[in-house]
Amino acid sequence: MRILTGIKPTGSLHLGNYAGFVKSLLELQEKGHEIFLMIADLHALTDPTNIKKVKKIKENLVAEIVSLGIDPKKVAIFYQSEIYFHPYLAWILSCFTSLGDLYRMHHFKELTQNLKMKKEQVNAGALYYPVLQAADILLYNPDLVPVGEDQKQHLELTREIARNFNKKVKKIFKIPKEYLTQTAEIKSLTNPFKKMSKSDPDGCLGIFEPKNMIIQKIRKAVTDSEGKIYYNPTTKPGISNLILIYHLLIEKPLKEIENEFQNSSYKEFKDLIIEKFFEKFGSAREKKKEILLEVPQIVKLGKEIAFKVSCQLITEIEKII
Ligand code: TRP
């Protein structure tokens with residue numbers, strides 16, 4: 001099976017990224033699939049404040065992904081901006097996409113509703129974002145696209161655009177399926193009703209951040225006053241989130257974790273989470289610096305593979321137009 005996924009380089013990886021993204025890739029790479037992992041650096045520019053930072057962030061991101069076990073021999077890791085076919089195909093696909101569809105995408109709505117920007121002020125790239133994403137995907141004709149819940153809408157639009165092109169022009173695109181992560185979403189340590197995100201740094205556990213910060217954040221994580229450890233996300237959101245984190249770290253069933261900590265205090269539980277965190281990520285944290293030096297070769301290899309495969313579809317397109 002052919003698999004393609006992408007990650008937008010906006011910062012260093014945190015535990016939420018690990019649960020929602022890295023973990024499923026680690027599983028998929030062991031199954032002998034053909035896998036493309038694209039660093040969506042062009043998408044990162046839709047927030048123009050990223051433009052000067054993106055180079056460092058994406059190199060760092062590749063080093064982190066590889067330190068965590070993604071094998072560049074099994075997964076073609078490449079920068080979207082290095083394969084010029086992406087924006088080229090996006091242009092063609094934009095002619096098969098309605099503005100109405102783009103205006104109703106969450107990504108755009110978030111800018112206009114949550115950030116209260118006027119429609120006229122949003123940069124055209126932010127509106128066009130899903131078309132570029134459709135091109136990222138369709139260029140490789142993948143069977144599966146691993147994404148988080150928040151990207152489902154973009155994938156639906158991708159299929160819509162592909163069907164539209166196939167119907168009006170020629171059947172050249174495979175209709176890709178999404179592959180949703182099985183792992184439960186990790187919440188913020190300070191507000192367990194919200195997804196863990198780097199926009200809330202105190203609630204966000206960076207996998208590669210300094211040891212004392214991690215210890216401090218886990219110690220301060222929101223709990224409740226009951227003093228008992230069991231899983232119930234509605235009445236005990238903080239503790240339940242910590243149980244999920246522990247589950248992610250040691251891969252034991254939730255029931256077993258509940259039994260294990262029946263008679264423990266929250267402090268004891270948190271101390272063990274800290275210990276397991278460093279057991280799980282210690283070697284990745286150590287390796288990162290060394291792997292950073294290998295990033296140029298890693299993405300060069302990825303680019304060669306991505307170029308070769310994407311050429312096939314572009315040749316088809318060229319024949320048509
Ligand atoms: N928009 C995705 C995100 O923010 C990143 C992305 C860009 C992507 N192109 C993609 C994901 C193609 C999957 C496939 O997470």
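One-based numbering, in listed order, for ligands and for the atoms of each. Here the structure is a predicted model, which is why all the values come from computation and not from measurement.
The closest protein non-hydrogen atom to atom 5 (C) of ligand 1 is Gly6 O, 3.8 Å. In terms of protein heavy-atom proximity, atom 4 (O) of ligand 1 is closest to Tyr129 OH, 3.2 Å. Nearest non-hydrogen protein atom to atom 9 (N) of ligand 1 is Asp136 OD2, 2.7 Å. In this structure, the protein non-hydrogen atom closest to atom 7 (C) of ligand 1 is His43 ND1, 3.4 Å.
No cation-pi contact links Lys276 to Tyr246, judged by a cut-off of 6.0 Å to the six-membered ring centre and 45° from its axis.
Crowding of Lys280 atom NZ: a count of heavy atoms from other residues, nucleotides or ligands under 6.0 Å exceeding 12.
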Between Glu64 and Ser12, is the side chain to side chain donor-acceptor pair (under 3.5 Å) condition met? List the steps. CA-CA 8 Å; Glu64 292 183 351; Ser12 192; 2.5 Å; yes
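Within the 4.0 Å heavy-atom criterion, the part of Gln151 lying near ligand 1 is the side chain and not the backbone. In Asp150, neither the side chain nor the backbone holds a heavy atom less than 4.0 Å from any atom of ligand 1.
When only modelled atom types and interatomic distance are considered, Thr181 and Thr183 share no side-chain donor-acceptor pair under 3.5 Å. Checked by atom type, the side-chain pair Asp202/Thr190 shows no donor-acceptor distance below 3.5 Å. Under 3.5 Å, the side chains of Tyr128 and Asn123 contain no donor-acceptor pair of N or O atoms. For Glu160 and Asn164, the side-chain atoms include no donor-acceptor pair closer than 3.5 Å.
The closest approach between a heavy atom of Met38 and any atom of ligand 1 is below 4.0 Å.
Shown in contact with Ile137 at under 4.0 Å from a heavy atom are these atoms of ligand 1, numbered in order with element: 12 (C), 14 (C). Of all atoms in ligand 1, listed by their number and element, those nearer than 4.0 Å to a heavy atom of Ala40 are 7 (C).
At least one donor-acceptor pair under 3.5 Å links the side chain of Ser94 to the backbone N or O of Trp91.
Distances between N or O atoms of His154 and those of ligand 1 include no value under 3.5 Å. On a distance-only criterion, Gln133 and ligand 1 share at least one N/O pair closer than 3.5 Å.
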